[in-house]
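The structure appears right after this line, and notes come after that.
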Protein chains: 2
Amino acid sequence: MKDLDVVFKALADINRIRILKLLEKRKMCVCELAYILDVSQPAISKQLKKIARAGLIDSEQDGFWTNYFIKPKDDYAKKLLKLLSTWLNADAIVNDDLEKLKKANRENLCCKK
Amino acid sequence: MKDLDVVFKALADINRIRILKLLEKRKMCVCELAYILDVSQPAISKQLKKIARAGLIDSEQDGFWTNYFIKPKDDYAKKLLKLLSTWLNADAIVNDDLEKLKKANRENLCCKK
DNA sequence: AATTTAAATAACCATTTGGTTATTTAGACA
DNA sequence: TGTCTAAATAACCAAATGGTTATTTAAATT
């Protein structure tokens, strides 16, 4: 039982949903997400940790950066992420985020200052 | 967007999940749920309100009692409740609750004191 | 009309949540 | 080796959560 409520909790926040909708498109690093959601880097780190603990995402080192990506670890995660991928695709906030994502450039956002 | 995170929030609590797994079996009144989950009547009322606002359940008057029952109001609710119905059917807590449900008798639990 | 009973609401409290700024950690490269 | 830089962690805070007890509301019965 414990596991399932952890997964639902991971999905029960607008910013975490926004993160997941972004990760549907591609791997992303912390600073890109912080830029797009317009919250601090530690806030994103904490949210990612919560999503990761729930078994929805994983991460890998990539040079300077840590890439986070969708990686469902069990049936709960698999089914819920699949559902989520069918939802919010016409949502205003999500689409604004995706617009911002197109312009986002890791090298400019993070390193250069 | 707002709607979806409200639905996930409604599912993001063990006691609310337990309530929904019970309502999968049959309509129930507040005092039956309070007895089975072993929390106070107002606690159940609050949880039910949260689940109802998320569009997962509805209620109807039945004599002295108010019956609550599964009633998904939109696609979010429909799909998530369907998933939930396939999960936790071997869960210890859920099965204990269902055992207790078999013995639960509205007339004895509520009215008689 | 008065009484009884289930459920809702109010008031309260401890814990959790989700953000912030400041600091530490660890990988990449000069 | 020493210096950058991205990400993690620590410390903090206001708001939300989920429970409690006490009280109010509203439906059903006498």
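A, B, ... follow the sequence lines: proteins, then strands. Residue 1 opens every chain.
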Check: A:Asp74 side chain, A:Ala77 main-chain N or O, donor-acceptor pair, under 3.5 Å
yes
Heavy-atom donor-acceptor pair, A:Asp5 side chain to B:Ala12 backbone, under 3.5 Å:
no
Figure out the [atom1]/[atom2] separation between [X] and [N], and round it to whole Å.
X       : N      : atom1 : atom2 : value
B:Ile14 : D:dT17 : CD1   : P     : 17 Å
B:Leu33 : C:dA7  : CG    : C1'   : 12 Å
A:Arg18 : C:dG19 : CZ    : C1'   : 14 Å
A:Glu60 : C:dG27 : CD    : P     : 15 Å
B:Arg53 : D:dT17 : CZ    : C1'   : 14 Å
A:Ile44 : C:dT17 : CD1   : C1'   : 15 Å
B:Ile51 : C:dA8  : CD1   : P     : 12 Å
B:Leu48 : D:dG18 : CG    : P     : 13 Å

For B:Asn67, the option from B:Met28, B:Gln61, B:Lys27 that meets side chain to side chain contact (heavy atoms under 4.5 Å, CB included)
B:Lys27
A:Leu84 versus B:Leu4: any side-chain heavy-atom pair under 4.5 Å?
yes
Taking 4.0 Å as the cut-off, does a side-chain nitrogen or oxygen of [X] come that near to OP1 or OP2 on [N]?
X       : N      : value
A:Tyr68 : D:dA6  : no
A:Lys49 : D:dT9  : yes
A:Lys9  : C:dT17 : no

What residue pairs, at least two apart or across chains, pass salt bridge (Lys or Arg N to Asp or Glu O under 4.0 Å) with a residue in residues 28-43 of chain B?
B:Arg26-B:Glu32, B:Glu32-B:Arg106
Going through the checks in order, is the side chain to side chain contact (heavy atoms under 4.5 Å, CB included) test met by A:Ile57 and A:Lys71?
CA-CA 4 Å; A:Ile57 61 173; A:Lys71 179 85 175 300; 5.6 Å; no
In the 5'-to-3' direction, what one-character label does each nucleotide of nucleotides 19-28 of chain D receive under the scheme B = base within less than 4.0 Å of a protein heavy atom, S = sugar-phosphate only, - = no such atom?
BBBB----SS
Nearest 0.5 angstrom please: A:Lys50 NZ to A:Leu56 CG, how far?
12.0 Å
